[in-house]
Asks: 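Questions regarding the structure given below will be posed in turn.
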Amino acid sequence: MVMNMKVWENNIRRVKPYVPGEQPKDQSIIKLNTNENPYPPAPGVAKVLNNMDVDKLKLYPDPTMGILVDEIADFYNVDSNQVFVGVGSDDVLAMSFLTFFNSDKPILFPDITYSFYPVWCDLYRIPYENPALDNNFRIVKEDYYKDNGGVLIANPNAPTSIYEDLDFIEDIIKHNPDSVVIIDEAYIDFAGDSAIKLIPKYENLLVIQTFSKSRSMAGMRIGYAIGSPKLIKALNDVKYSFNSYTLNLASILSGYESVKDKDYFERGIKKIIATRKRAEETFTELGFSFLESGTNFLFVTHEDLNAKKLYEELRENNIYVRYFDMPRIDNYLRITMGTDDEMDILFDFLKRYLDKI
Ligand SMILES: *Cc1c(COP(=O)(O)O)cnc(C)c1O
């Protein structure tokens, strides 16, 4: 026991927490650091919040989140008993770790991926192993063909931005009939086919998505999982053992409005993808290279530039991007697609910066 430590302190659960990206108060900052969407949520969201009957807050919200669950089920053409909703996909992921990863065998996820995964493993004391991405930052699918306590793949992966097609994902699922396989699709709407298509074939597949990126609702905290009724029942049983009322009334109502407006959703995605295309061209002109992106961000590097220094210079000039001080990716920056005007300010700065060196 460490000196001066009280006995009760010995019984505190000690964890190394996840460090979220910065949320500066200054509105003039160009915020390209946490992969939020620069455009507002669907207009129906403003309407429902502005007209909310505050008297309803006296009561608990619907613990089943019925109208939202049904609307998501309808959107993806699945049954309502195949949908689980939580407070952002972070909550859905945390609940899934608790529900599905209870083996003595290690769960598997890549060495470079969403950095929250190892934090949950430590919190819940789940053993894990991290197969390395290859030299091109691609997942090596064969690394997931061995005995394990569960498999977790972010597709597209973060912060690499790379999307693997459904055949690739299906190969991993096919080789893991004895584990729950979770595909974290936070960015799928900017990429291609979702693994939701594979759910009728694989009872052990859980797909997790979020309203935070493609639906411009990071502040509302809504995420969901889609899978077989068996997986969803297990998740709900754990949820009801933990906190029956996760989403508040405003989230349930505004989430419903967002999903209902398909047209706005599709137009919003097209806008971000167009900005990404434009940004790819400009980054290339400026001598940057980047990984092929299926997301609303680009993972960029420049042979002549020190990424950490550039990150700091950008910061001093009120442009926030994300830097990871980690082996293999410490000369890269993860840059969220903002509005075209915001991207122009970034590129003007980069042009001047490159002229100076
Ligand atoms: C943003 C993100 C999440 C979390 O999203 P929330 O729904 O806001 O909690 C989960 N996984 C990945 C890979 C992400 O990028």
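Whatever order the structure lists ligands and atoms in, that order sets their numbers, starting from 1.
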Asks: Which atoms from ligand 1 have a heavy atom of Ser212 less than 4.0 Å away?
Replies: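 Those atoms are 6 (P), 7 (O), 8 (O).
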
Asks: For Asn148 and Asn176, does a side-chain donor sit closer than 3.5 Å to a side-chain acceptor?
Replies: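 Distance-only check passes for Asn148 and Asn176.
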
Asks: If we count only N and O atoms by modelled type, under 3.5 Å, do the side chains of Thr210 and Lys213 hold a donor and an acceptor together?
Replies: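 Their side chains do not contain a donor-acceptor pair, so the 3.5 Å distance test is not met.
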
Asks: Would you please indicate if the ring centroids of Phe137 and Tyr332 are separated by under 6.0 Å?
Replies: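 Distance test on ring centres: under 6.0 Å, yes.
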
Asks: How far is atom 5 (O) of ligand 1 from its nearest protein heavy atom, and which residue and atom is that?
Replies: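 It is Ser89 OG, 3.0 Å.
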
Asks: Could you check which of Leu93, Ile208, Asp90 puts a non-hydrogen atom nearest to atom 4 (C) of ligand 1?
Replies: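 Looking at heavy atoms only, Asp90 sits closest to atom 4 (C) of ligand 1.
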
Asks: So is there a nitrogen or oxygen of Thr210 less than 3.5 Å from a nitrogen or oxygen in ligand 1?
Replies: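 Looking only at distances, the answer is yes, because the N/O contact criterion of under 3.5 Å is met.
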
Asks: Which residue holds the protein heavy atom closest to atom 1 (C) of ligand 1, what is that atom called, and what is the gap in Å?
Replies: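 The protein heavy atom lying closest is Lys213 NZ, 1.2 Å.
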
Asks: For ligand 1 and Arg221, I'd like to know whether there is a polar contact (N/O to N/O, distance under 3.5 Å).
Replies: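 It does: an N or O of Arg221 is found under 3.5 Å from an N or O of ligand 1.
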
Asks: Taking the six-membered ring for Trp, are Phe190 and Phe297 ring centroids under 6.0 Å apart?
Replies: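 Ring centroids of Phe190 and Phe297 are no less than 6.0 Å from each other.
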
Asks: Validate the cation-pi geometry between Arg315 and Tyr320: distance from NZ or CZ to the six-membered ring centre under 6.0 Å, angle to the ring axis within 45°.
Replies: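 Because its charged atom sits under 6.0 Å from the ring centre and within 45° of the axis, Arg315 does stack over Tyr320.
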
Asks: Answer side chain, backbone, both or neither: which part of Phe211 comes under 4.0 Å from ligand 1, heavy atoms only.
Replies: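 Answer for Phe211: neither.
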
Asks: With the threshold set at under 4.0 angstrom, would you say Asp184 reaches ligand 1 through any of its heavy atoms?
Replies: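 The answer is yes, since Asp184 has a heavy atom less than 4.0 Å from ligand 1.
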
Asks: What about the rings of Tyr245 and Tyr60, do their centers lie closer together than 6.0 Å?
Replies: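 Yes.
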
Asks: Find all atoms of ligand 1 within a distance of less than 4.0 Å from any non-hydrogen atom belonging to Gly88, and give their numbers and elements.
Replies: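 Under 4.0 Å from Gly88, ligand 1 has these atoms: 7 (O), 9 (O).
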
Asks: Looking only at protein heavy atoms, which one is nearest to atom 15 (O) of ligand 1, and what is the separation?
Replies: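 Checking every protein heavy atom, the shortest distance to atom 15 (O) of ligand 1 gives Tyr187 OH, 2.6 Å.
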
Asks: Tell me whether Arg215 forms a cation-pi arrangement with Tyr224, defined as NZ or CZ under 6.0 Å from the six-membered ring centre and within 45 degrees of its axis.
Replies: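 Verdict for Tyr224: no cation-pi partner in Arg215.
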
